[in-house]
Each structure stands twice: as structure tokens, then as C-alpha cells.
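In each ligand, atom 1 is the first atom listed, and ligand 1 is the first ligand listed.
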Amino acid sequence: MIIELKDVTKRYGTGTVSVAALHEVELFVAPGEFVVVLGPSGSGKTTLLNVVGALDTATEGTVRVNGIDISDASRKELFDFRRSSVSFIFQAFNLFPGLTAEENVQFGVDAAGSDRDPGEVLESVGLGDKLDRFPHELSGGEQQRVAIARALATGNPVMLADEPTGELDFQTGVQILELLQQQAGDGRAVLVVTHNREISRIADRVVELSSGRIVGDGPPQGGKADVADLHW
Ligand code: ADP
């Protein structure tokens, strides 16, 4: 398993004002899996992604990702882990506005010390002809493709996406989902969090969160749908 969370609880605050954003969560994800984490706002989805990506620490339990026990790691080990193991995709794309598409992807290459060619990676997400465009010269869907290319260019085996279609229209959102789905494989695990149940229909596996607890974990209800069958 490339992601292993055992009995993970995350509490914010202390004493009577303490909130358990995650409660005794058990989650195991294999390389090559495309997993959608589904839950309403406030259910703990972002906290879960941040704990897996070592942007936040669990209060209790064990978090092991890409063979590294990040619940018991030094700051230096966590720094190396973020560089070499995970890449993030955000709802708001989070590209550098003053860098071109190619330079944004180069940033991912440099940050991870990978040897991928930014132009080739942009080509693989359908943007081979837009290397020199700045983010404001690209559509929302194209900007998200650049963000996916930046994540891919790191060569890191765990891809974490927080509401990646949240700012996109339906048609563009579906294309981005399809692209993310294609990235699972080659030892890569892709975890997408969303409040949108429709998105979960194309997952291999749906993990449902409610008030910080996992209340479902299995194939989508009614079976895995084709991207062409989605509506939202
Ligand atoms: P989601 O991504 O599903 O909307 P979050 O993981 O952002 O949920 O939040 C889960 C719960 O933890 C919510 O009740 C939220 O208010 C709380 N929470 C999240 N981050 C913090 C924080 N830094 N301090 C205090 N409470 C937080």
C-alpha cells in the first residue's frame, strides 16, 4: 500500500473547544488506484489530504505514505518526503501568474529534482502548443491542465487533488477528471476530494467521510460509470 492511515485522529484546538476534524480514520490505498473521497463541507476532506501530504500532522495514529512513516518523521525527513513523494492540485489552480505554462511546470521539475521535460509533460496533457502562455492567457480548464502537468512533472507517486473541478464548467470538469483518472497507474495513486457525488461515480473506489469519520469505502453505488455518463 502506498498510503496507510491507521487509527488517525486530527484535533484542532484544545479542551472543550477541541474539534475532531478526523476521527479514527483507517485508509489504505494501493499504487495505481483512483480514489474519490466524498463528503459535505466540513467533513474533514481537506484535513485528510493535508495529513496524507504532510502539510498537517495527525494528533493520534500512524500515517505511512510511500514507505515513510510521516507521523514520526523529523522536519528534514518531512521536507524530503514532500519533495519526493506527493504532488498537489488545488481548486484554484495555484499557478505562478508571472511564469509561463512551461516555467510553471519547470518549477515542479526543479522542486522535486526530477528529470522530466516540461514541454513533453505539457504535450501529454494536450497543451503542447501553449508552452509560452501565461496563466491569464489560458482558460480555467487549461490552467488546471498546467497544474496537473506540474504535478506529473515531479514524478512523485502520490497525487492529491482538492476539488479540482470546483471552478470549472461541467464539460471542462469532466475532461479534467478523465485526465486525473488516466494518471492513476504506473505506480501512481490519485486521491481526489470533492463534495460532488456525481464525480465519485467514475472512481475505482469511493471513500465517504461524514463528520471526520469514514462511513463508506467501496466501489461507487450502481457501479463505476463512464465519464460520458456524468451530469452535474
Ligand atoms: P472539508 O474539506 O470537508 O470542508 P475540513 O477538513 O476543511 O473539511 O474541516 C473539517 C473540520 O475541521 C471542520 O469542522 C473545520 O471547521 C475544522 N477545521 C479545519 N481546519 C481547522 C483549523 N485550522 N482550526 C480549527 N478547526 C479547523
Side-chain angles (χ1 to χ4, degrees), residues 2-29 33-65 70-71 73 75 78-79 81-82 85-95 140 143-144 147-148 151 158-168 170 173 176-177 180-181 183-184 189-221 230 232:
I2 194 157
I3 300 174
E4 298 178 5
L5 271 65
K6 287 186 198 147
D7 214 8
V8 168
T9 294
K10 172 66 187 180
R11 260 185 234 103
Y12 290 110
T14 50
T16 50
V17 290
S18 148
V19 180
L22 295 176
H23 203 92
E24 295 170 1
V25 164
E26 304 269 332
L27 179 66
F28 301 89
V29 179
E33 266 193 295
F34 180 64
V35 178
V36 171
V37 177
L38 180 67
S41 176
S43 59
K45 303 182 299 294
T46 298
T47 304
L48 179 67
L49 271 198
N50 288 346
V51 165
V52 172
L55 296 183
D56 207 342
T57 50
T59 315
E60 286 162 31
T62 310
V63 182
R64 205 178 164 80
V65 180
I70 56 176
S71 44
R75 290 193 78 82
L78 288 179
F79 179 81
F81 166 81
R82 290 187 205 101
S85 297
V86 285
S87 51
F88 280 88
I89 293 155
F90 301 95
Q91 177 170 351
F93 323 135
N94 293 13
L95 300 176
Q143 290 183 57
Q144 195 60 300
I148 292 172
V158 176
M159 199 179 260
L160 304 171
D162 197 348
E163 297 279 3
T165 63
E167 295 201 359
L168 304 174
F170 169 71
I176 290 297
L177 274 183
L180 285 170
Q181 189 184 41
Q183 306 317 318
V190 181
L191 211 59
V192 174
V193 312
T194 182
H195 67 279
N196 187 335
R197 181 171 294 276
E198 191 64 15
I199 287 179
S200 71
R201 293 180 59 215
I202 65 155
D204 295 329
R205 181 173 152 206
V206 183
V207 173
E208 281 203 61
L209 270 182
S210 173
S211 303
R213 293 174 192 269
I214 292 187
V215 294
D217 186 346
Q221 282 168 13
L230 298 189
W232 74 66

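- For the pair E163 and T46, the minimum side-chain heavy-atom distance is 4.5 Å or more.
- Note that CG of D56 and NZ of K10 are 4.0 Å apart. Values are rounded to the nearest 0.5 Å.
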*Test log, rule side chain to side chain contact (heavy atoms under 4.5 Å, CB included), inputs T62 and E4*: CA-CA 8 Å; T62 310; E4 298 178 5; over 6 Å; no
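- In terms of protein heavy atoms, atom 5 (P) of ligand 1 is closest to T47 OG1, 3.7 Å.
- Those atoms of ligand 1 that come under 4.0 Å of a heavy atom in P40, given as number and element, are 3 (O).
- Residue contact annotation: G39 has no non-hydrogen atom under 4.0 Å from ligand 1.
- Not a single heavy atom of G212 sits closer than 4.0 Å to an atom of ligand 1.
- On a distance-only criterion, G42 and ligand 1 share at least one N/O pair closer than 3.5 Å.
- In the displayed structure, F79 atom CZ is contacted under 6.0 Å by at most 12 heavy atoms of other residues, nucleotides or ligands.
- There is a protein heavy atom less than 4.0 angstrom from atom 20 (N) of ligand 1.
- Using modelled atom types, one side-chain atom of Q181 and one backbone atom of I202 make a donor-acceptor pair closer than 3.5 Å.
- Using a 4.0 Å heavy-atom cutoff, S41 is listed among the residues neighbouring ligand 1.
- Of all the atoms in ligand 1, the ones that sit under 4.0 Å from a non-hydrogen atom of K45 are 1 (P), 2 (O), 3 (O), 4 (O), 6 (O), 8 (O).
- Checked against a 3.5 angstrom limit, the closest N/O atoms of V19 and ligand 1 fall outside it.
- No donor-acceptor pair under 3.5 Å is formed between the side chain of K6 and the backbone N or O of F28.
- When distances from atom 15 (C) of ligand 1 to the protein are checked, no heavy atom turns up under 4.0 Å.
- For E26, the CD atom counts as densely surrounded, since its 6.0 Å shell holds more than 12 non-hydrogen atoms of other residues, nucleotides or ligands.
- Atom 7 (O) of ligand 1 has T46 CB, 3.9 Å as its closest protein atom, hydrogens excluded (heavy atom only).
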